[in-house]
Number of protein chains: 2
Amino acid sequence: MSDGNTGVPHPDAPHPDAHMVAAAVGGLMPGRVPAAEYEACPVTHAVRMLGDKWTLLVLMLLAERAHRFNELHRRVDGISQRMLTRTLRALEDDRLVARTVFPTVPPGVEYDLTERGRELLVPLSALADWVVKDRAA
Amino acid sequence: MSDGNTGVPHPDAPHPDAHMVAAAVGGLMPGRVPAAEYEACPVTHAVRMLGDKWTLLVLMLLAERAHRFNELHRRVDGISQRMLTRTLRALEDDRLVARTVFPTVPPGVEYDLTERGRELLVPLSALADWVVKDRAA
DNA sequence: CTGCATCCTCTTAGATACTG
DNA sequence: CAGTATCTAAGAGGATGCAG
């Protein structure tokens, strides 16, 4: 049942899994897809996260190197302190970003990608490759 | 400069590109990232699309097979006609979904993934794999 | 059956001011 | 420096009615 893959199927090698989005594709969900399951699906959560206003950009800047809070605030044009905080907290909650506090005066806080965060860059890269492929149409 | 890759970097092989998100990571954007460029970036657009409320689910159902409008409306629990229409139109605009009208009475409309839409399933699958990896933590 | 137009609500995000 | 609190504005999404 669990060979490591899941979620969305490869075009020519789809297969079942515990997650709802996958189930629909694997043919396990012939009828209606319960809203609760779709909302609870971790893949759904992941794309929602990436899709909100600032997450991708913050992720990209952190992929470059670790940043201080105000450093990010300066580089992300147009973001408010409130939204930067919220975005970073959400990334922390998903263990994509690690927060390190330096007990100096004034206090310094550094944000950096976790190992999991860096691993995300791989599928994200694949997605970006798809995006630019055949831009011509 | 252009080896086919772009956008988001592989952890150990990042490189520059024309797109803003990529540029930031490739080290080409040392300072502030212009909001306009981030908003215009096709990768940004793609993740926003996938991240909205119904797109992923509709995509997954269409990956299974082509659907009629009302067929989708029945299978996607909780979606309104308005949002199903909007979601499908957006997918059409991005050439991920093709719309075919059968001039019968009453009229029938079939939605199916385009080739580009099917190709999207590959990076999406990679993302799903990442999601379920080390759920334990 | 498929879908657009209208209205209305609720969530999200920006502005501003203030604190350890 | 690195946030939190509050208020407001904008937009996404839902309900309903009508039309080709």
Side-chain angles (χ1 to χ4, degrees), chain A residues 32-36 38-39 44-45 47-59 61-62 65-94 97-112, chain B residues 32-36 38-39 44-59 61-62 66-94 97-112:
Chain A
R32 174 170 298 223
V33 177
Y38 178 55
E39 293 300 318
T44 299
H45 175 260
V47 297
R48 294 249 172 107
M49 175 78 149
L50 293 170
D52 70 13
K53 194 162 185 180
W54 305 106
T55 297
L56 183 62
L57 180 50
V58 169
L59 225 39
L61 292 177
L62 291 179
R65 60 176 171 80
H67 283 71
R68 298 275 297 273
F69 183 89
N70 274 347
E71 208 173 2
L72 283 173
H73 194 203
R74 278 189 297 272
R75 294 194 66 186
V76 180
D77 180 37
I79 199 171
S80 60
Q81 280 189 333
R82 172 180 145 82
M83 288 315 296
L84 179 54
T85 300
R86 289 173 66 95
T87 301
L88 288 169
R89 290 285 175 281
L91 287 169
E92 259 191 280
D93 291 345
D94 284 5
V97 165
R99 179 177 181 269
T100 310
V101 181
F102 298 101
T104 55
V105 272
V109 179
E110 190 175 84
Y111 292 93
D112 198 4
Chain B
R32 173 171 298 224
V33 177
Y38 178 56
E39 294 300 318
T44 299
H45 176 261
V47 297
R48 295 247 173 111
M49 174 78 151
L50 292 171
D52 71 13
K53 194 165 185 179
W54 304 107
T55 296
L56 183 63
L57 180 50
V58 169
L59 225 40
L61 292 177
L62 291 180
H67 283 71
R68 297 275 298 275
F69 184 87
N70 273 349
E71 208 174 0
L72 283 173
H73 195 205
R74 279 189 297 273
R75 294 193 67 185
V76 180
D77 180 37
I79 199 173
S80 62
Q81 281 190 332
R82 172 181 145 83
M83 288 315 296
L84 180 53
T85 300
R86 288 172 65 95
T87 301
L88 289 169
R89 289 288 173 280
L91 287 169
E92 260 191 277
D93 290 345
D94 284 3
V97 165
R99 179 176 181 269
T100 309
V101 181
F102 298 101
T104 55
V105 273
V109 179
E110 190 176 83
Y111 292 92
D112 197 5

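Values in this document were obtained by computation on a predicted structure and should not be read as measured data. A, B, ... follow the sequence lines: proteins, then strands. Residue 1 opens every chain. Heavy-atom basis, side chains included; hydrogens, waters and symmetry copies ignored.
Between A:Lys53 and C:dG14 there is a side-chain polar atom (N or O) within less than 4.0 angstrom of OP1 or OP2.
Rounded to whole angstrom, the span from the NE2 atom of A:His73 across to the P atom of D:dA2 amounts to 11 Å. Between the NE2 atom of B:His67 and the C1' atom of C:dC1 there is a distance of 16 Å, rounded to whole Å. Across the protein-nucleic acid pair, B:Phe69 atom CZ and C:dT2 atom P stand 7 Å apart, rounded to whole Å. A straight line from CG of A:Asp52 to P of C:dT11 spans 17 Å, rounded to a whole angstrom.
Closest-nucleotide positions on DNA chain C for A:Trp54 and B:Tyr111 were compared, and the one nearer the 5' end corresponds to B:Tyr111.
Residues A:Phe69 and A:Leu88 have side chains in contact (heavy-atom distance under 4.5 Å, counting atoms from C-beta outward). Side-chain contact between A:Ile79 and A:Leu72 is absent, with no heavy-atom pair separated by less than 4.5 Å.
Between the B:Asp112 side chain and the B:Ala98 main chain, no donor and acceptor come within less than 3.5 Å of each other.
Between B:His67 and B:Arg75, the closest heavy-atom pair is NE2-NH1, 3.0 Å.
Between B:Trp54 and A:Tyr38, the ring planes lie parallel to each other; the angle is under 30°, not in the 30° to 60° tilted range.
Heavy atoms of B:Arg48 sit nowhere under 4.0 angstrom from any nucleic acid atom. Within 4.0 Å (heavy atoms only), B:Phe102 reaches no atom of the nucleic acid at all.
Within a heavy-atom distance below 4.0 Å of DNA chain D, the residues of residues 79-91 of chain B found are B:Ser80, B:Arg82, B:Met83.
The pair B:Glu92-B:Arg89 meets the salt-bridge criterion, since a charged nitrogen lies less than 4.0 angstrom from a carboxylate oxygen.
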